[in-house]
Amino acid sequence: MARLTLLLPPAARFAGIALPPALAQALGRADRVRAEAGEAAQLARHFDLLPRAWPSAALTRLLDAGEADARHGPWLRVDPAHIRPDINGARLLGVGASLGLEPADAEALLPALRPLFGDAGFALDAPHPARWYLRLPPGTPLPAFASPDIALGDDVFEHAAQGESARRWRALESEVQVILHNHPHNAARAAAGRVAINALWFWGGGALPDAVSGHAPIIYSDDPAVLGAARLGKLQGMGVQAFRAEVEDALVDLRGQRDVRALVHEWLEPALRRAEAVFDFADGQVFHLHRGQRWRLWRRALAVVPA
């Protein structure tokens with residue numbers, strides 16, 4: 001049966017939004033499960049990767065440089081970032097594309113950073129202005145780095161890598177900040193009204209999977225890692241804006257959407273016209289909807305999405 005699957009932000013973001021009556025009734029009658037929360041767990045419900053992991057850096061590397069190049073990993077994303085000190089610490093206020101990066105930024109800054117990483121045994125490059133990479137020797141121990149989506153807006157110390165293997169990376173982070181703080185290119189960015197690139201954000205490490213399969217044949221996403229996984233799995237992958245209502249069996253990745261009211265009216269309500277739909281929220285709330293549930297008259301409507 002054709003199914004529309006929507007990957008959604010955490011249900012907690014929908015708190016306080018009164019659901020339209022038809023949607024409230026459908027969610028009240030749907031099959032509902034509590035699954036594991038978090039980005040990796042949510043994606044793992046819809047993609048099978050061997051070995052089982054979600055190496056964002058390797059998947060986006062495939063998109064940026066091709067599979068043959070991406071096989072030369074493992075890789076770690078080291079994206080340009082802007083961190084601003086405040087009275088309580090230092091906040092991550094921008095990473096990657098949100099900084100308005102251009103090829104000239106990489107051309108100016110990479111030569112100053114390459115010797116630091118080269119001495120540590122890592123090769124630094126930037127095939128995309130907003131996505132910078134370290135190629136790591138096989139077997140390099142990596143701590144659990146936080147995704148920038150999780151850390152954005154927070155005190156960076158709340159998301160600092162922990163453990164024995166993290167010491168080396170924290171030292172590299174500090175040296176990177178010194179180099180970038182003193183680099184004249186940041187003065188040029190400031191003169192142009194742009195924020196400084198004063199840090200690198202480490203995250204997404206791992207090697208390219210041996211194989212990928214997906215539960216839907218067509219993937220709509222604006223996440224480069226998801227599109228990389230789709231390409232590796234020989235699935236159709238394209239941006240969310242390419243979605244058309246007549247597509248029958250597809251997964252639409254809406255995790256990056258900020259306007260939850262628009263999600264309700266532009267995606268959740270129209271999905272009720274489908275024979276089958278899945279609403280998968282990032283914090284583990286999963287609703288399976290199908291037309292036969294309309295006979296569950298004894299179930300009460302949900303006034304709001306439960307967190």
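Position 1 is the first residue of the sequence; numbering continues from there.
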Can you check side-chain contact (heavy atoms from CB on, under 4.5 Å) on Val78 and Leu113, steps first, answer last?
CA-CA 11 Å; Val78 287; Leu113 295 168; over 6 Å; no
With the side chain counted from C-beta on, respond yes when [X] and [Y] share a heavy-atom pair under 4.5 Å apart, and no when they do not.
X: Asn186; Y: His181; answer: no
X: Asn198; Y: His82; answer: yes
X: Tyr220; Y: Val247; answer: yes
X: Val226; Y: Trp54; answer: yes
X: Pro224; Y: Asp64; answer: no
X: Pro10; Y: Arg13; answer: yes
X: Val278; Y: Leu251; answer: no

Can you tell me how far [atom2] of [Y] sits from [atom1] of [X], rounded to the nearest 0.5 angstrom?
X: Phe117; Y: Arg135; atom1: CZ; atom2: CZ; result: 14.5 Å
X: Arg71; Y: Arg61; atom1: CZ; atom2: CZ; result: 14.0 Å
X: Arg91; Y: Asp86; atom1: CZ; atom2: CG; result: 5.0 Å
X: Leu27; Y: Leu19; atom1: CG; atom2: CG; result: 6.0 Å
X: Arg84; Y: Leu92; atom1: CZ; atom2: CG; result: 11.5 Å
X: Glu248; Y: Glu246; atom1: CD; atom2: CD; result: 9.5 Å

Taking all atoms of both residues into account, what is the closest heavy-atom pair of [X] and [Y], and its distance?
X: Leu4; Y: Arg274; answer: CD2-NE, 3.9 Å
X: Trp75; Y: Ala70; answer: NE1-O, 2.9 Å
X: Ala11; Y: Gln285; answer: CB-CG, 4.2 Å
X: Pro111; Y: Glu107; answer: CD-O, 3.2 Å
X: Ile83; Y: Ala199; answer: CD1-CB, 3.6 Å
X: Ala26; Y: Leu272; answer: CB-CD2, 3.6 Å

Tell me if a side-chain donor or acceptor on [X] pairs with a main-chain N or O of [Y] at a distance below 3.5 Å.
X: Arg255; Y: Leu7; answer: no
X: Asn88; Y: Asp155; answer: no
X: Arg291; Y: Arg273; answer: yes
X: Arg29; Y: Trp295; answer: no
X: Asp253; Y: Asp223; answer: no
X: Gln293; Y: His290; answer: yes

Return yes if a side-chain donor-acceptor contact under 3.5 Å exists between Thr60 and Arg77, otherwise no.
yes
Using a distance-only test with no angle check, is there a side-chain donor-acceptor pair under 3.5 angstrom linking Glu269 and His265?
yes
With sequence neighbours left out, the residues meeting side chain to side chain contact (heavy atoms under 4.5 Å, CB included) with Arg114 are Leu110, Leu124, Asp125
Leu235 meets the side chain to side chain contact (heavy atoms under 4.5 Å, CB included) criterion, sequence neighbours left out, with Phe47, Ile219, Ala230
Just wondering, more than 12 heavy atoms not from [X] lying within 6.0 Å of its [atom1]?
X: Arg294; atom1: CZ; value: yes
X: Glu67; atom1: CD; value: yes
X: Arg261; atom1: CZ; value: no

Given the side-chain rings of Trp267 and Phe243, with only the six-membered ring counted for Trp, is the space between their centroids under 6.0 Å?
yes
Verify the cluster assignment for [X] and [Y]: are they in a single hydrophobic cluster under the rule of side-chain heavy atoms below 4.5 Å apart?
X: Leu101; Y: Leu93; value: no
X: Leu63; Y: Leu76; value: no
X: Leu134; Y: Leu172; value: yes
X: Leu289; Y: Val286; value: no
X: Leu136; Y: Leu59; value: no

Could you pull out all donor-acceptor pairs under 3.5 Å where a side-chain atom in residues 137-151 meets a protein atom, sequence neighbours excluded?
residue	atom	partner	partner atom	Å
Thr140	OG1	Pro137	O	2.6
Ser147	OG	Asp149	N	3.2

Decide side-chain contact (heavy atoms from CB on, under 4.5 Å) for Leu302 and Phe287; before the verdict, give the C-alpha distance in whole Å, the side-chain angles of both, and the deciding distance to 0.1 Å.
CA-CA 12 Å; Leu302 295 180; Phe287 293 83; 4.0 Å; yes
Test side-chain contact (heavy atoms from CB on, under 4.5 Å) applied to His183 and Val178, Leu109, Ile197, the passing residue:
Leu109
Do you know which of Val305, Leu23, Leu254 makes side-chain contact (heavy atoms from CB on, under 4.5 Å) with Phe279?
Leu23
Please assess Met238 against Ile218 for the test side-chain contact (heavy atoms from CB on, under 4.5 Å), listing each intermediate value before the final yes or no.
CA-CA 8 Å; Met238 59 198 83; Ile218 307 176; 4.2 Å; yes
The complete set of ring-ring contact (aromatic ring centres under 6.0 Å, His included) pairs with one or both residues in residues 9-41, sequence neighbours excluded, reads Phe14-Phe281
Just list the side-chain donor-acceptor pairs under 3.5 Å for residues 203-215, sequence neighbours left out, or say none.
residue	atom	partner	partner atom	Å
Trp203	NE1	Asp79	OD2	3.0
His215	ND1	Arg45	O	3.0
His215	NE2	Asp48	OD2	3.4

Which pairs, with at least one residue in residues 92-106 and sequence neighbours excluded, count as a salt bridge (charged side-chain N to carboxylate O under 4.0 Å, His left out)?
Asp105-Arg189, Asp105-Arg194
Would you please test Trp132 and Phe122 for ring-ring contact (aromatic ring centres under 6.0 Å, His included) and show each step?
CA-CA 13 Å; Trp132 297 12; Phe122 309 135; over 10 Å; no
